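Below you'll find the structure, written out as structure tokens, and then a few comments.
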Amino acid sequence: MLDIKLIREQADFVRQRLATRGAGDESHIDEALRWDEQRRKLLGEVEELKASRNRVSKEIGVLMGKKEAAAAEAKKAETRDIGDKIATLDKQVAEAEASRDQILMRLPNLPHASVALGKSAEDNPVVRVHGEKPAHPFKPKDHVQICHHLKLIDFERGAKLSGSGFLLYTGWGARLERALIQFLLDLHIHEHHYTEVSPPYVINRECMFGVGQFPKFEDQAYAVREGNDASTLGKFYLLPTAEAPVANIHRDEVLAESQLPIRYVAYSPCFRAEAGAAGLGTRGMIRVHQFDKVELIKVVKPDQGYEELEKMVANAETVLQRLGLHYRVIQLCTGDMGFASAKTYDIEVWAPGQGSYLEVSSCSNCEDFQCRRMNLKMKTEDGDRVMPHLLNGSGTALARLFVALVETHQQADGSVLIPEPLRPYLRTDRIVP
RNA sequence: GGAGAGAUGGCUGAGUGGUCGAAAGCGACGGUUUGCUAAACCGUUAUACGAGUUAAAUCGUAUCGGGGGUUCGAAUCCCCCUCUCUCCGCCA
């Protein structure tokens with residue numbers, strides 16, 4: 001959520017920054033300001049009334065103490081109808097505030113000044129490229145073929161157990177997935193100094209609001225119901241990313257400056273309804289309803305947000321480097337960034353069988369946008385309360401990493417060579433039919 | 001699922017209708033004392049919103065788990081919800 005004070009004081013600046021996203025959000029600023037002004041006007045009125053009521057009530061208390069009942073009754077009559085006026089105004093204040101906040105909740109974050117201007121993914125600048133596309137001395141198969149051949153994933157039975165877009169990992173496939181999770185966690189824990197957390201996978205609405213998933217993207221979530229109790233629908237959701245619970249760990253808290261930076265790493269499956277993407281449009285495991293991910297979250301002092309973002313991207317890149325994969329880092333332009341983000345880097349790994357790059361990580365600094373939504377603050381050494389920066393990044397998503405891995409390291413004989421760092425976890429250097 | 005207990009400031013804990021935003025203790029911070037440390041003593045010690053100011057000061061309102069109600073007035077009375085704890089049942 002944007003700071004209403006910033007909007008009040010620098011409306012033009014906010015409008016201009018929002019406009020760079022190209023979604024027309026800046027058009028809602030005036031309405032938000034109108035409700036805000038309305039709220040403050042009514043608030044002034046009602047507070048004045050409350051002050052007078054408090055004054056008289058105190059006088060009544062004094063009179064009662066002096067046993068002057070008649071005088072007290074007279075005072076009571078005097079204030080009796082103030083209560084009704086207060087109730088009416090209170091309601092109007094609440095309505096104005098709700099109207100204002102409803103708009104604010106749907107406004108995306110302001111892009112950071114360093115973000116490239118652009119309309120769509122085509123305008124995203126490539127920041128750097130690591131390695132080169134592997135030159136297979138044969139026509140590389142795509143991961144669906146490889147998975148069939150090596151019996152890594154049973155797509156048909158996965159769909160039978162759940163539905164289209166759900167996977168059944170089998171044999172070496174299941175083991176490879178688990179090995180990757182373990183490898184990623186160990187890397188970030190031991191080499192990058194993140195603290196591991198394992199969050200609930202069923203989370204409440206507040207988490208979804210806090211990170212900005214709700215109210216705008218409510219249709220993308222899997223809602224959970226308790227048994228047959230329809231009234232529980234809307235309380236709990238399957239997490240779309242571990243960012244939702246983990247970023248909310250310190251919701252409604254005031255952190256001491258000395259506690260920062262906080263770095264969390266969490267493995268979790270991620271559930272995405274992908275409503276509107278009928279049939280998901282993609283073959284295999286590139287776009288699915290459930291996938292595994294290792295997520296990185298940081299809470300840092302505001303002046304360290306961008307420095308920490310660069311480090312986070314580097315942490316995610318290390319994953320791909322260790323696994324011997326070719327990738328590129330792109331920066332999302334203003335028109336392509338996510339709702340809560342002020343600056344985002346995507347990491348795209350090369351998948352030879354697809355002949356394209358796949359997004360396996362998205363690292364963002366959301367600045368104080370989410371902190372304001374979830375009321376997360378920090379107390380500086382001087383005793384001031386300020387909003388920290390909240391960062392999230394994939395470190396990395398698993399399904400697509402799996403794709404890139406088997407497609408990159410496939411051999412002419414149909415086997416898949418396992419990169420060195422994974423071998424201890426997998427207890428083999430090669431997956432053969 | 002059944003029965004019961006509880007939720008007050010950074011912490012412990014008093015407060016059952018009226019100067020209570022809230023005693024006391026602890027902690028923290030500032031000061032006095034001291035060669036230093038400790039102790040002792042004095043003082044300060046919540047947040048949000050709004051008004052105000054260049055910035056402060058200052059003023060107002062709200063906040064005692066959350067929401068609603070009764071009342072001139074609610075931490076205190078009533079209702080609903082959430083969470084925590086104890087016991088029983090069930091269960092990975």
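Keep in mind that what you see is a predicted model, and the values were worked out from it rather than measured.
Both distances falling under 3.5 Å, in either a Watson-Crick or a G-U wobble arrangement, place B/A40 opposite B/U32. In this structure, B/C26 forms a base pair with B/G10, meeting either the Watson-Crick or the G-U wobble geometry with both donor-acceptor distances under 3.5 Å. The nucleotide B/A57 finds no pairing partner, because no Watson-Crick or G-U wobble arrangement with both distances shorter than 3.5 Å includes it. Within the shown strands, nothing qualifies as a pairing partner of B/A75 under the Watson-Crick or G-U definition with both distances less than 3.5 Å. The partner of B/U84 is B/A5, judged by Watson-Crick or G-U wobble contacts that both fall below 3.5 Å. With a 3.5 Å ceiling on both atom-pair distances, the Watson-Crick or G-U wobble partner of B/U47 is B/A62. When both pairing distances are held under 3.5 Å, B/G52 makes no Watson-Crick or G-U pair with any nucleotide shown.
Residue side chain A/Glu47 does not reach the base of B/G50 through any donor-acceptor N/O pair under 3.5 Å, judged by distance alone.
Taking A/Arg34 as the reference, nothing meets the side chain to side chain donor-acceptor pair (under 3.5 Å) condition, with sequence neighbours excluded. With sequence neighbours excluded, no residue forms a salt bridge (charged side-chain N to carboxylate O under 4.0 Å, His left out) with A/Glu359. In this structure, the side-chain contact (heavy atoms from CB on, under 4.5 Å) partners of A/Asp384, at least two apart in sequence or on a different chain, are A/Thr380, A/Asp382.
Spacing of C1' atoms, B/U47 relative to B/C87, comes out at 39 Å, to the nearest Å. The P atoms of B/A5 and B/C90 are separated by 24 Å, rounded to the nearest whole Å. For the P atoms, the distance linking B/C59 with B/U45 amounts to 13 Å, nearest Å. Spacing between B/A55 and B/A74 at atom C1', rounded to whole Å, works out to 39 Å. On the P atoms, B/C85 is 23 Å away from B/C80, given to the nearest whole Å. If you take atom C1' in B/G31 and the same atom in B/C81, they sit 49 Å apart, rounded to whole Å. Using atom C1' as the reference point in both B/U8 and B/G2, the two lie 30 Å apart (nearest Å). Taking atom P on both nucleotides, B/G13 is separated from B/C26 by 15 Å, rounded to a whole Å.
Rounded to whole angstrom, the span from the NZ atom of A/Lys50 across to the P atom of B/G50 amounts to 14 Å. The CG atom of A/Asp252 sits 15 Å away from the P atom of B/C83 (whole-angstrom rounding). Rounded to whole angstrom, the span from the CG atom of A/Asp84 across to the C1' atom of B/U70 amounts to 14 Å. Here B/G50 presents its P atom at 18 Å from CD of A/Gln92, a figure rounded to the nearest Å. In this structure, A/Lys91 places its NZ atom 17 Å from P of B/G67, rounding to the nearest Å. One interatomic measurement links the two molecules: CZ of A/Arg39 to P of B/U61, which rounds to 16 Å at whole-angstrom precision. A straight line from CG of A/Leu49 to C1' of B/G50 spans 15 Å, rounded to a whole angstrom. Note: CE (A/Met387) to C1' (B/U47) measures 12 Å, nearest angstrom.
Salt bridge status for A/Glu308 with A/Lys311: present, with a side-chain N to carboxylate O gap under 4.0 Å. Ion pairing between a basic and an acidic side chain is recognised when a charged N comes within 4.0 Å of a carboxylate O; A/Glu47 and A/Lys50 show no such pairing. A salt bridge links A/Glu295 with A/Lys293: the distance from a Lys NZ or Arg NE/NH1/NH2 to an Asp or Glu carboxylate oxygen falls below 4.0 Å.
At a threshold of 4.0 angstrom between heavy atoms, the contacts of A/Lys41 with the nucleic acid are absent.
Distances from the side chain of A/Lys377 to the nucleotides B/U61, B/U47, B/C49 place B/U47 closest. Listed candidates were B/U61, B/C49, B/U47. Nearest to the side chain of A/Leu43 is B/C49. With B/U61, B/U82, B/G50 as the choices, the nucleotide that has an atom nearest any side-chain atom of A/Lys235 turns out to be B/U82.
A salt bridge (Lys or Arg N to Asp or Glu O under 4.0 Å) check over residues 192-213 of chain A, counting only residues at least two apart or in different chains, returns the pairs A/Arg205-A/Glu218. Residues in residues 152-161 of chain A take part in these salt bridge (Lys or Arg N to Asp or Glu O under 4.0 Å) pairs, two or more places apart or across chains: A/Asp154-A/Arg157.
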Please list each protein N or O that sits under 3.5 Å from an N or O in nucleotides 71-76 of chain B, with the distance.
{"unit_1": "B/C72", "atom_1": "OP1", "unit_2": "A/Arg80", "atom_2": "NE", "d": "2.9"}
{"unit_1": "B/C72", "atom_1": "OP1", "unit_2": "A/Arg80", "atom_2": "NH2", "d": "2.9"}
{"unit_1": "B/C72", "atom_1": "O2'", "unit_2": "A/Ser57", "atom_2": "OG", "d": "3.1"}
{"unit_1": "B/C72", "atom_1": "N4", "unit_2": "A/Lys76", "atom_2": "NZ", "d": "3.3"}
{"unit_1": "B/G73", "atom_1": "O4'", "unit_2": "A/Ser57", "atom_2": "OG", "d": "3.1"}

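Remark on RNA chain B: of its neighbouring residues A/Lys379 and A/Arg8, the 5'-side contact belongs to A/Lys379, judged by nearest-heavy-atom nucleotide. The residue among A/Gly44 and A/Glu48 whose nearest nucleotide of RNA chain B lies closer to the 5′ end is A/Gly44.
For A/Phe369 and A/Phe339, the gap between ring centers is short of 6.0 Å.
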